[in-house]
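Please read the structure below before turning to the comments.
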Amino acid sequence: METMKIILVLLLFSVFGRSTVSGSKNSEGENAISYPVQNLVQYAKPICGTGKDGNTFPGPVMPFGMIQWSPDTGPGRVIAGYNYRNSAIQGFSLDHLSGAGCFYGGNFSFTPIASDSTLVIPKNNDSYATGFSHSNEKATPGYYAVTLNNGMTVELTSTTRSGFGRFTFPAGHPATMMINSSSNVWGTSHSAIHLNPSERSISGSAVGGRFCRKTEESAIYFYAVFDHPFSSYSTWVNNALNNNQTDGEGITSGTFITFDFGKSSALKTPSELLVKVAISYVSVANAKA
């Protein structure tokens, strides 16, 4: 058997090992294959496969990346969170999965709100959905951007373990962000939210998931830090909204934060909000790290 293996290796080497094509000489004086360096990334289209039943999402994600910050379209639940045929975005959540053929993820949806109306607890993920046009949307490897019909612009990118967002609020409107700890597409059995105004940070957790209708639940955690201080905030637990409260824990929970832009708000110029965010399946501390 060993003799046969040696013979096979020698035969393969004689057929392939001596094959040459024209090109530059290598260190042994043999012709080496030479390929021109090309930018093939330009041909990648993250929006491909998002129509009909494509089961893909357009948001930025690194190869084997832990975070998949991407828009969620509606109405209702959508496999992979996004469908090209939809014309409204519910928010921008932190975990998605392409190609599963079933509902998954949608945790910790960030929804910018450019409105002076009274804030109320969302009844579902469609409560603060905003219309958009694909003509105002761009998706390339490592970058996603959209300008919503209300003038709000959202830009997202990611590293292997974290995400970075830029939210530009239109002039003359407050800069308010809703973060929903219970936005998982299957709902949650438990969720929590915590604000630290002095550090401009928000963290939370969610228990839910039920991947592909399975009964097992899983826990996920997030940590986010903003570049502007909070001017006002509230948290909700189930059906109770609590102003100036930094903590909430229940079946459903979340927060509304309005940010302080100082003189820019008085001058009615667009307000640019930056945020770093990460997730962990172990703890908030690990997400922060």
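Note that this is a predicted model, so its numbers are computed, not measured.
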May I ask you to test the Y281-D95 pair for a side-chain heavy-atom distance under 4.5 Å? yes
Which pairs would a plain distance check flag for residues 38-51, meaning a side-chain donor or acceptor within less than 3.5 Å of a matching protein atom at least two apart in sequence or in another chain?
| residue | atom | partner | partner atom | Å |
| --- | --- | --- | --- | --- |
| N39 | OD1 | V41 | N | 3.3 |
| Q42 | NE2 | N39 | O | 2.8 |
| T50 | OG1 | I47 | O | 2.6 |

Classify the ring geometry of Y84 against H134: parallel below 30°, tilted from 30° to 60°, perpendicular beyond 60°. parallel
Distance-only, no hydrogens or angles: does the S127 side chain make a donor-acceptor pair with backbone N or O of P122 under 3.5 Å? no
Test item: N55 side-chain N/O and I79 main-chain N/O as donor-acceptor pair under 3.5 Å: no
Less than 4.5 Å apart, any side-chain heavy atom of N286 and any of Y221? no
Between OG1 on residue T176 and CG on residue L119, distance to nearest 0.5 Å: 6.0 Å
N136 side chain to S133 side chain, donor-acceptor N/O pair below 3.5 angstrom: no
If you define the side chain from C-beta out and look only at heavy atoms, does anything of S232 sit under 4.5 Å from F256? no
Assess, by modelled atom type and distance only, whether the side chains of T258 and S231 contain a donor and an acceptor separated by less than 3.5 Å. no
Just verifying a value: how many Å separate N242 CG and I121 CD1, rounded to the nearest 0.5 Å? 8.0 Å
Answer yes or no: does atom CG of N239 have more than 12 heavy-atom neighbours from other residues, nucleotides or ligands under 6.0 Å? no
Which atom pairs, donor and acceptor, lie under 3.5 Å between side-chain atoms of residues 153-165 and protein residues at least two apart or in another chain?
| residue | atom | partner | partner atom | Å |
| --- | --- | --- | --- | --- |
| T153 | OG1 | T147 | OG1 | 3.0 |
| E155 | OE1 | R166 | NE | 2.7 |
| E155 | OE1 | R166 | NH2 | 3.4 |
| E155 | OE2 | Y143 | OH | 2.7 |
| E155 | OE2 | R166 | NH2 | 3.1 |
| T157 | OG1 | G142 | O | 2.6 |
| S158 | OG | P60 | O | 3.3 |
| T159 | OG1 | R161 | N | 3.4 |
| T159 | OG1 | S162 | N | 3.1 |
| T159 | OG1 | S162 | O | 3.4 |
| T159 | OG1 | S162 | OG | 2.7 |

Given N125, D126, N124, the one that forms side chain to side chain donor-acceptor pair (under 3.5 Å) with Q90: D126
Return yes if some donor-acceptor pair links the side-chain N/O of S271 with the main-chain N/O of A175 below 3.5 Å, else return no. no
Please tell me if the side chains of V207 and T188 come closer than 4.5 Å, counting only heavy atoms from C-beta onward. no
Side chains of T246 and P197, heavy atoms from C-beta outward: is any pair under 4.5 Å? yes
Min side-chain heavy-atom separation I257-F259 under 4.5 Å: yes
Quick one: are N184 and F103 in side-chain contact, heavy atoms under 4.5 Å? no
With heavy-atom distances below 4.5 Å as the criterion, would you say the side chains of I202 and I193 are in contact? yes
Ring centres under 6.0 Å, that's the criterion: do F230 and H228 meet it? no
Between N86 and A88, is there a donor-acceptor pair closer than 3.5 Å when you use the side chain of the first and the backbone of the second? no
State whether a side-chain donor-acceptor pair under 3.5 Å links S189 with E217. yes
Does S93 offer a backbone N or O that forms a donor-acceptor pair with the side chain of D72 under 3.5 Å? yes
Compute the ring centroids of W69 and Y144, then answer whether they are less than 6.0 Å apart. no
For S198 and N196, does a side-chain donor sit closer than 3.5 Å to a side-chain acceptor? yes
Identify, with sequence neighbours excluded, every residue that meets ring-ring contact (aromatic ring centres under 6.0 Å, His included) alongside F222. F108
Taking all non-hydrogen atoms of both residues, which atom of A114 and which atom of F169 are closest, and how far apart? CB-CD2, 4.5 Å
Does the T56 side chain pair with the main chain of S98, one donor and one acceptor, at a distance under 3.5 Å? no
Testing the basics here: between T255 and S234, what is the closest heavy-atom pair and its distance to 0.1 Å? OG1-O, 2.8 Å
